[in-house]
Amino acid sequence: MAELLRINVVHSTQHKIFPTISIGILVLLGAIILLVEGRAKVAAGKPIFSKPKSIFIENYDKIKFWGCLGMMVAYFSLLDVIGFTVTSIVFVYLFNTLFGGLDRLKNKKYHLNSLIISLISVVSISLLFGTIFDITLPDGI
């Protein structure tokens, strides 16, 4: 029984443990929600699964929504390839640019501020996790 509760950690892949545990917890909580909500709907005489209404509000910002979704997929795809620090600097800058709006795209000072924010925040997080907490982050190339 003790072996079931033991986790063997390889230092180079320890950053993958927490997401795996988190996904397991989310799947378990999702199943609990389905059971509880399903029982309530059955008791009320409603179908468990019904055709949902639109999840989007009218006139939502399609560029920000789909751009954010696409960049998140690209970020997670490139994280192990390029590495945490470089990938995060690039994508923090891109997210700042996306949410800054079209009127700021021509402003050089905005881009400089966005680049400084990206560099300082990501390097600080890398040093904090890598040095102080001794948590490995994806190295990349």
Side-chain angles (χ1 to χ4, degrees), residues 2-141:
E3 289 85 28
L4 293 176
L5 300 175
R6 171 176 246 128
I7 299 175
N8 293 327
V9 177
V10 177
H11 189 67
S12 63
T13 60
Q14 89 182 38
H15 63 275
K16 295 180 181 181
I17 292 172
F18 185 72
T20 304
I21 293 170
S22 299
I23 289 170
I25 291 171
L26 289 173
V27 167
L28 178 67
L29 292 174
I32 291 170
I33 289 172
L34 280 174
L35 286 172
V36 171
E37 293 293 320
R39 283 186 183 175
K41 286 185 177 185
V42 168
K46 297 179 182 176
I48 295 174
F49 298 105
S50 58
K51 186 176 180 181
K53 298 177 185 174
S54 177
I55 60 171
F56 301 110
I57 58 173
E58 288 183 35
N59 300 323
Y60 72 98
D61 193 339
K62 292 176 177 73
I63 293 173
K64 287 182 182 174
F65 178 78
W66 294 109
C68 184
L69 201 62
M71 284 197 304
M72 288 295 289
V73 169
Y75 174 74
F76 290 124
S77 299
L78 294 172
L79 200 55
D80 280 333
V81 176
I82 298 174
F84 175 80
T85 306
V86 175
T87 306
S88 295
I89 289 170
V90 170
F91 279 91
V92 167
Y93 174 78
L94 290 174
F95 277 107
N96 282 341
T97 304
L98 177 67
F99 285 97
L102 293 174
D103 55 331
R104 293 186 179 172
L105 286 178
K106 295 178 184 176
N107 187 343
K108 291 180 183 179
K109 187 176 179 182
Y110 176 77
H111 289 286
L112 180 63
N113 287 339
S114 184
L115 184 62
I116 291 170
I117 289 168
S118 302
L119 286 168
I120 291 173
S121 62
V122 172
V123 170
S124 299
I125 290 170
S126 294
L127 291 174
L128 178 73
F129 278 81
T131 306
I132 296 173
F133 296 137
D134 197 29
I135 296 174
T136 60
L137 297 169
D139 290 334
I141 311 172

### Query
Which heavy atom in M71 sits nearest to a heavy atom in L98, and how many Å separate them?
CE-CD2, 3.6 Å
### Message
How long is the straight-line distance from CD1 of I89 back to CG of L94, given to the nearest 0.5 Å?
### Response
12.0 Å
### Message
Within this structure, what is the SG-OH distance for the pair C68 and Y75, rounded to the nearest 0.5 Å?
### Response
12.5 Å
### Min side-chain heavy-atom separation M72-F95 under 4.5 Å
yes
### Task
Give a yes or no on whether I63 atom CD1 has more than 12 heavy-atom contacts from other residues, nucleotides or ligands under 6.0 Å away.
no
### Query
What distance do T131 atom OG1 and F133 atom CZ have between them, rounded to the nearest 0.5 Å?
11.0 Å
#### Entry: Over all atoms of both residues, closest heavy-atom pair of L78 and T87
O-OG1, 3.6 Å
Please output the side-chain donor-acceptor pairs of residues 118-130 that fall under 3.5 Å, not counting sequence neighbours, one pair per line with the distance.
| from | atom 1 | to | atom 2 | distance (Å) |
| --- | --- | --- | --- | --- |
| S118 | OG | Y93 | N | 3.1 |
| S118 | OG | S114 | O | 2.8 |
| S121 | OG | I117 | O | 2.7 |
| S121 | OG | S118 | O | 3.3 |
| S124 | OG | I120 | O | 2.6 |
| S126 | OG | T85 | OG1 | 3.1 |
| S126 | OG | V122 | O | 3.0 |

### Query
Given the rule in the side-chain contact (heavy atoms from CB on, under 4.5 Å) test, do Y110 and N113 qualify, once you have shown the distances and angles that lead to the verdict?
CA-CA 5 Å; Y110 176 77; N113 287 339; 5.7 Å; no
### Task
Evaluate the side-chain contact (heavy atoms from CB on, under 4.5 Å) criterion for residues H111 and L105: first the C-alpha distance (whole Å), next the side-chain angles of each, then the deciding distance (0.1 Å), finally the verdict.
CA-CA 8 Å; H111 289 286; L105 286 178; 4.3 Å; yes
#### Entry: Qualifying residues under side chain to side chain contact (heavy atoms under 4.5 Å, CB included), relative to K62, sequence neighbours excluded
Y60, W66
